[in-house]
Amino acid sequence: MSVLETVACYYDAWQTKRGDFSDVPLADDFEFVGPVASFDNAAGYRAMAREAGQAVSSFAVRRQFDWEMAMPGLGRMTAAELLEVENGTIVRGELIYDAEALRRVMAQSGA
């Protein structure tokens, strides 16, 4: 799988599979750093994505590194994401956005 195909598979899990990352080639020791949560393994990230994916009402990759997501109570959120791919497997991800609105929604819902 090429780098672009690997990354497309990753975003397809958000866009059409409601956060089901079971078919996404993540390294077992996948590292993810974000403003609200970070993970040091694929299992933890997949569990988060399954839960978060249920709340995502839209997800559009605007450019290869720039996406927009909408969630109830949050509205649209724009972010930049960096994915590191080695031999067709995603080994690291970093998500960059202003998380203040998301933190407020999470606090109100008790998450």
Side-chain angles (χ1 to χ4, degrees):
M1 190 180 299
S2 74
V3 170
L4 290 178
E5 290 168 331
T6 301
V7 171
C9 183
Y10 176 91
Y11 287 117
D12 184 57
W14 284 117
Q15 293 170 315
T16 68
K17 296 181 179 168
R18 299 184 55 90
D20 179 357
F21 273 70
S22 58
D23 293 332
V24 177
L26 299 178
D28 290 341
D29 59 350
F30 173 72
E31 294 180 28
F32 178 84
V33 177
V36 172
S38 295
F39 301 91
D40 60 5
N41 61 68
Y45 184 82
R46 284 187 168 107
M48 174 281 303
R50 272 191 305 276
E51 185 176 324
Q54 302 306 304
V56 174
S57 58
S58 74
F59 191 107
V61 177
R62 299 188 313 184
R63 289 172 210 80
Q64 191 59 42
F65 59 89
D66 174 19
W67 55 257
E68 180 179 84
M69 177 178 75
M71 296 173 71
L74 181 62
R76 298 210 175 275
M77 180 175 68
T78 299
E81 186 165 30
L82 308 170
L83 296 174
E84 186 177 333
V85 179
E86 292 179 2
N87 300 318
T89 301
I90 302 171
V91 297
R92 185 173 189 285
E94 182 175 359
L95 184 59
I96 304 158
Y97 63 92
D98 180 356
E100 189 56 37
L102 180 57
R103 285 189 188 101
R104 279 195 303 272
V105 169
M106 291 172 66
Q108 291 171 356
S109 70

Novice: Does Glu84 have any salt bridge (Lys or Arg N to Asp or Glu O under 4.0 Å) partners at least two apart in sequence or in another chain, and if so, which?
Specialist: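 None.
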Novice: I'd like to check the side-chain hydrogen bond (donor to acceptor under 3.5 Å, both in side chains) partners of Tyr45; sequence neighbours left out, ordered by chain and number.
Specialist: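 Expected list: Tyr10.
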Novice: Glu100: which residues meet the side-chain hydrogen bond (donor to acceptor under 3.5 Å, both in side chains) condition with it, sequence neighbours left out?
Specialist: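 Listed in chain order: nothing, the list is empty.
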Novice: Show which side-chain atoms of residues 18-27 pair as donor or acceptor with protein atoms under 3.5 Å away, not counting sequence neighbours.
Specialist:
unit_1, atom_1, unit_2, atom_2, d
Arg18, NE, Gln54, OE1, 3.3
Arg18, NH2, Gln54, O, 2.7
Arg18, NH2, Gln54, OE1, 3.3
Asp20, OD1, Ser22, N, 3.0
Asp20, OD1, Ser22, OG, 2.7

Novice: Are Val36 and Trp14 joined in one hydrophobic group, where the rule is that I, L, V, M, F, W and Y side chains link up if heavy atoms are under 4.5 Å apart?
Specialist: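 Yes: a chain of side-chain contacts under 4.5 Å links Val36 to Trp14.
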Novice: Can you see which heavy atom on Tyr97 is nearest to which on Ala79, and at what distance?
Specialist: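 Closest pair (atom of Tyr97, atom of Ala79, distance): CB-CB, 3.7 Å.
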Novice: Enumerate the residue pairs fulfilling side-chain hydrogen bond (donor to acceptor under 3.5 Å, both in side chains) with a member in residues 27-41, sequence neighbours excluded, ordered by first and then second residue.
Specialist: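 Residue pairs passing side-chain hydrogen bond (donor to acceptor under 3.5 Å, both in side chains), neighbours aside: none found.
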Novice: In terms of hydrophobic clustering (I, L, V, M, F, W, Y; side-chain heavy atoms under 4.5 Å; direct or indirect links), are Val91 and Phe39 co-clustered?
Specialist: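 Not linked; separate clusters.
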Novice: Is there a path of hydrophobic side-chain contacts, each under 4.5 Å between heavy atoms of I/L/V/M/F/W/Y residues, joining Val3 to Leu83?
Specialist: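 Yes.
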Novice: Rounded at 0.5 Å granularity, tell me how far CZ in Phe32 sits from CG in Leu95.
Specialist: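 So the CZ of Phe32 and the CG of Leu95 are separated by 4.5 Å.
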Novice: Restricting to salt bridge (Lys or Arg N to Asp or Glu O under 4.0 Å), what partner residues turn up for Asp12, sequence neighbours left out?
Specialist: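 Applying salt bridge (Lys or Arg N to Asp or Glu O under 4.0 Å) to Asp12 gives Lys17.
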Novice: Determine which pairs satisfy salt bridge (Lys or Arg N to Asp or Glu O under 4.0 Å) with at least one residue from residues 86-97, sequence neighbours left out, and list them in order.
Specialist: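 Only Arg92-Glu94 qualify under salt bridge (Lys or Arg N to Asp or Glu O under 4.0 Å).
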